[in-house]
Protein chains: 2
Amino acid sequence: MRRTTLQTVADRVGVSRATVSNAFSRPDQLSSQLRHKILAVAEELGYVGPDPTARMLARGTTGAVGVLLPDSLRHAFTDEVLTTFLGAVADALAPTGLGLTLLPPGEHGDVLPARDVPMDGALVCAVAPGSKAVNWLVRRGVPLVLIDEDPAAGMAGVNVDDRYGARTAAEHLLDLGHRHVGVLTAGLGPGPRLVGLPRPEDAVGHTSRQRLKGWLDALVPAGVSPLVSSQPSAYDDASVAARLLLDIEDPPSAVLCFSDAMAAELVRTAVDLGGRVPADLSVVGFDDSPLASRLRPTLTTVRQDVDAKGRAAAAALHSAIERSHAGHPVAAEHVQLPTELVVRQTTALLSA
Amino acid sequence: MRRTTLQTVADRVGVSRATVSNAFSRPDQLSSQLRHKILAVAEELGYVGPDPTARMLARGTTGAVGVLLPDSLRHAFTDEVLTTFLGAVADALAPTGLGLTLLPPGEHGDVLPARDVPMDGALVCAVAPGSKAVNWLVRRGVPLVLIDEDPAAGMAGVNVDDRYGARTAAEHLLDLGHRHVGVLTAGLGPGPRLVGLPRPEDAVGHTSRQRLKGWLDALVPAGVSPLVSSQPSAYDDASVAARLLLDIEDPPSAVLCFSDAMAAELVRTAVDLGGRVPADLSVVGFDDSPLASRLRPTLTTVRQDVDAKGRAAAAALHSAIERSHAGHPVAAEHVQLPTELVVRQTTALLSA
DNA sequence: TGGGGGAACTGTACCGGTTCAGACGCGCTC
DNA sequence: GAGCGCGTCTGAACCGGTACAGTTCCCCCA
């Protein structure tokens, strides 16, 4: 027994396939009398409605957008900043009826999601515009919005002012009298390791680069050369990198961290090593994720409005899709959201 | 200019469409010489590869599975138990190359995801088997795995032993001497409210029913009739329902909660009201989410292995899809995972 | 020299809809 | 009563591939 199809219903009712199609998809194209009859017969035959895939092919639209994520999909559910972002996107997209398909960047058994998953548009989250996955999306002509990536790429994008935020964080520490400053970040080469004053351009990931620039913007003019500890990914366990910074002769009196999660690890490591925060060590996080307020002491951090970022991303994507549906892609707008230092309890005046 | 298609490439190379298709999808079907030529021409013409949608239609498979979730998709990124679960599913599915599409249960502007999104199979998470969305999936013949739902439905499913876990939680409180016990749960009618001894069958949601049954399994034989406070959804803010339980004459000395999140709210409310946990109030959560260990005092709770649940769900779904691909659906297996009481710091002997 | 066996391609029938330019009939207007 | 407009429905082209049963051609072996 074959799956019942439009034609089955059409034959049974004695009308054309087109009419049955209209009964489901364009009710105004036929008399409501006939429509009800068709619907009834369809029900009776167990016909569920137009096959989504066939409809996609014929209509040329899929009803879903992709979200290209770094590394494993796991982070999409694990990292609080990302979950908040995705939640906001999901909410903002809901009224449009667009679904959300999460895309890992790599390939799994010769299927490469960026190439093989149908979608009307995509959000590219912290995946470099030059990467293989993004290239596929571009070549496919999928309308794209870049999140937290270099706006120079000429595509639509949403960013936050990471650099400014990082700078204010560093200035805050300087204001408190700290001169021996550490940096705990990600993307500066393999393995957790200490890096002699790094060049921001060398960092992997636009966010890493911007934040590093911001920190240096403040530190360097003040004559402060930070001690930098880096690990490959921000998602890795930061305790090793943290130890590199703290478990040494003459550790820094204050540390700037790439994220709240890494800051949390740092605080824990400091405490494990017998230090007191902020008495012996000031710590600044980044993002102001829920974690920042949960920690005790509460974490001084740089706030970004992740919810707003999600909404902006959804809006930008929606309009990018609209545009591409209409004429050719017009000017790619770029949104930049502000950041703001939030001083809480993990930073204090340098004690003597 | 039309999108370049298989045919374009075929014409240019001077071979049949089938051969070009093979060049991309079944390399062993042609000489590698010709294949490379075709690939080169394709590249030159800007042909990206087979259109995913068309391929789906022709192959009858989509390469993605759906996850039907309760309420807003937001919870998928917000609730820690759910995020853990989905993370585990994503991980377990990765090697199979299957993508993950999150499906809201309701309809958005006349598109109903459960009916309109193409998928090879679906995980139904805490959505009743009789609901509209699930019915669509069933009628479409989508291979299904029910998570945390009634196994009676004759479909494959993964559960945890909620009832047993709840019973041991209640027994624990009884062992500690508590006789005036409260219950903070969800699904017993509208609005936050106190409910006189409820019948488990009346609860909305299989999990709610099972946990309630478990609690009563222990309490009723002991002659303890709990004071039950309920709110519509477990995802709602529980502070009002918590207050209903605590801000009264003669509040309970111990409370069983539907989830760790609700337990956390309860603890906070108790503290706000000037109580001490566990001195004045013992609290038991459910799930052993990361939250449970984060809280201070750490939360006594009922542990379920959400990661294992995710893996089991992915495995069950995968095999359900395989089966349906082959012959007709065979016996629907049902997995039940254990639960275990984890005693931490929020429960204590009844202080005379 | 005849024939068996592959490897390398092709022809063609699907997959299951959407869409749009008509065709048809019918009531209304002038 | 001819013509017009409109609401309804149909035909057929199209969306962009996949898959399977051939057809060719060539090599090898008896």
Side-chain angles (χ1 to χ4, degrees), chain A residues 1-39 41-42 45-63 111 115-120 140-141 325, chain B residues 1-39 41-42 45-63 111 115-120 140-141 325:
Chain A
M1 93 164 189
R2 291 241 329 283
R3 188 165 160 357
T4 66
T5 163
L6 254 195
Q7 189 68 61
T8 327
V9 179
D11 292 348
R12 190 75 145 64
V13 180
V15 297
S16 81
R17 197 155 90 245
T19 301
V20 178
S21 172
N22 285 334
F24 281 95
S25 308
R26 298 174 13 176
D28 55 314
Q29 297 297 299
L30 36 48
S31 69
S32 83
Q33 190 181 343
L34 178 55
R35 172 155 194 262
H36 282 73
K37 184 170 170 190
I38 292 179
L39 261 30
V41 171
L45 260 43
Y47 178 70
V48 184
D51 179 277
T53 306
R55 183 201 288 247
M56 276 186 189
L57 180 57
R59 289 229 265 231
T61 131
T62 71
V111 5
R115 179 182 26 132
D116 301 327
V117 174
M119 51 191 130
D120 290 340
R140 281 174 62 181
H325 258 267
Chain B
M1 95 167 186
R2 290 242 329 283
R3 191 165 159 353
T4 67
T5 162
L6 255 195
Q7 189 68 62
T8 325
V9 179
D11 291 347
R12 190 76 146 63
V13 181
V15 295
S16 79
R17 197 158 88 246
T19 300
V20 178
S21 172
N22 285 335
F24 281 96
S25 308
R26 300 173 13 176
D28 54 313
Q29 296 298 297
L30 38 45
S31 69
S32 83
Q33 189 182 345
L34 178 56
R35 172 155 193 264
H36 281 68
K37 183 171 172 189
I38 291 179
L39 261 29
V41 172
L45 260 44
Y47 178 69
V48 184
D51 179 277
T53 307
R55 182 200 289 245
M56 276 186 188
L57 180 56
R59 290 229 265 231
T61 122
T62 71
V111 6
R115 175 180 29 125
D116 301 327
V117 175
M119 52 190 130
D120 290 340
R140 280 174 62 181
H325 259 267

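In what follows, every chain begins at residue 1, and chains take the letters A, B, ... in the order their sequences are listed. Computed from a predicted structure; not experimentally measured.
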Matching residue for A:Val20 among A:Val9, A:Thr5, A:Thr8 - test: side chain to side chain contact (heavy atoms under 4.5 Å, CB included):
A:Val9
Among the nucleotides D:dG17, D:dT18, C:dG17, which one has an atom lying closest to any side-chain atom of B:Ser21?
D:dT18
List every contact pair, protein side and nucleotides 8-12 of chain D side both N or O, where the distance is under 3.5 Å.
unit_1, atom_1, unit_2, atom_2, d
D:dC9, OP2, A:Ser31, N, 2.9
D:dT10, OP2, A:Ser16, N, 3.0
D:dT10, OP2, A:Ser16, OG, 3.3
D:dT10, OP2, A:Thr19, OG1, 2.5

In whole angstrom, give the distance that lies between atom CG of A:Asp116 and atom C1' of D:dG16.
15 Å
Could you tell me whether the phosphate oxygens of D:dC15, OP1 or OP2, come under 4.0 Å of any side-chain nitrogen or oxygen in B:Thr53?
no
A:Leu6 has an atom CG; how far is it from atom P of C:dT19, in whole Å?
12 Å
What integer distance in Å separates B:Asp51:CG from D:dC15:P?
11 Å
How sharply is the helix from C:dT1-D:dA30 to C:dC30-D:dG1 bent, taking the axes over five pairs at either end and rounding to 10 degrees?
50°
Could you state the CD1-P distance from B:Ile38 to D:dG17, rounded to the nearest angstrom?
13 Å
First of B:Arg59 and A:Arg26 reached from the 5' end of DNA chain C, by closest nucleotide:
B:Arg59
Donor-acceptor contact present, side-chain B:Asp116 to main-chain A:Pro52, <3.5 Å
no
Any side-chain to backbone donor/acceptor pair from B:Arg17 onto B:Ala10? Under 3.5 Å, distance only.
no
Let me confirm one number: the CG-OG1 distance from A:Asp120 to A:Thr61, rounded to the nearest 0.5 Å.
4.0 Å
When rounded to whole Å, the CG to C1' distance for the pair B:Leu57 and D:dC14 reads 13 Å
Verdict with supporting geometry, A:Leu30 and A:Ile38, side-chain contact (heavy atoms from CB on, under 4.5 Å)
CA-CA 11 Å; A:Leu30 36 48; A:Ile38 292 179; 4.1 Å; yes
Testing D:dG17, C:dT18, C:dG16 for proximity to the side chain of A:Pro50, the answer is C:dT18
Under 4.0 Å between any heavy atoms, over every strand shown, what does A:Ser25 touch: base, sugar-phosphate, or nothing? Just pick one.
sugar-phosphate
Would you mind reading off the distance between B:Gln7 atom CD and D:dC15 atom C1', rounded to a whole angstrom?
13 Å
Within the structure shown, what part of the strands sits under 4.0 Å from B:Tyr47 by heavy-atom distance: base, sugar-phosphate, or nothing?
sugar-phosphate
Check whether any side-chain heavy atom of A:Ser32 sits under 4.5 Å from a side-chain heavy atom of A:His36, and report yes or no.
yes
Check the pair A:Tyr47, A:Leu6 against side-chain contact (heavy atoms from CB on, under 4.5 Å), reporting the backbone distance first and the verdict last.
CA-CA 8 Å; A:Tyr47 178 70; A:Leu6 254 195; 3.6 Å; yes
